[in-house]
Amino acid sequence: MLINMLLDMRTTIDLLDALFAKAKNLVRARGTTLRALTIEGLQSVLDRAERKKPFRLRGTSHGKGGLVEELAATDWDEIRDISYQGRGG
């Protein structure tokens, strides 16, 4: 018991009154404690976050990569200007 107490972190959290009331009702219905419910909820959120795959932008490159031959020796400012021609830019 003493070892377990040394490993636990004590903290204080502020909850909305309505959320606290719902939690207390669930605690009574389950016959558990607010501590156990809080641990279960936090663990559930953390588990979901770990399972979530990071966003990956799908590849949309075509061909062998690089610029088209006509623009290979062109600087980026000129490429930008060409890409906005006729678009009000």
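The residues D47 and K52 are annotated as not salt-bridged, no charged nitrogen and carboxylate oxygen being separated by less than 4.0 angstrom.
Rounding to the nearest 0.5 Å gives a distance of 13.5 Å between OG1 of T33 and CZ of R28. Taking CG of D14 as the reference point, atom CG of L19 lies at 11.5 Å (rounded to 0.5 Å).
Heavy atoms from other residues, nucleotides or ligands lying under 6.0 Å from CG of L16 number 12 at most.
The hydrophobic cluster containing F20 also contains V27, counting ILVMFWY residues as joined when their side-chain heavy atoms lie under 4.5 angstrom apart, directly or transitively. Taking hydrophobic clusters as Ile, Leu, Val, Met, Phe, Trp and Tyr residues chained together by side-chain heavy-atom distances below 4.5 Å, M9 does not share a cluster with L15.
Scored by the salt bridge (Lys or Arg N to Asp or Glu O under 4.0 Å) test, R51 finds no partners at all (sequence neighbours excluded). With sequence neighbours excluded, the residues satisfying side chain to side chain contact (heavy atoms under 4.5 Å, CB included) with L26 are R30, L37.
Between R35 and T38, every side-chain heavy-atom pair lies at or beyond the 4.5 Å cut-off. A heavy-atom distance below 4.5 Å is not found between the side chains of N25 and K22.
Summarising the geometry of D75 relative to E78, their closest heavy-atom pair is OD1-N, 2.8 Å, with the distance given to 0.1 Å.
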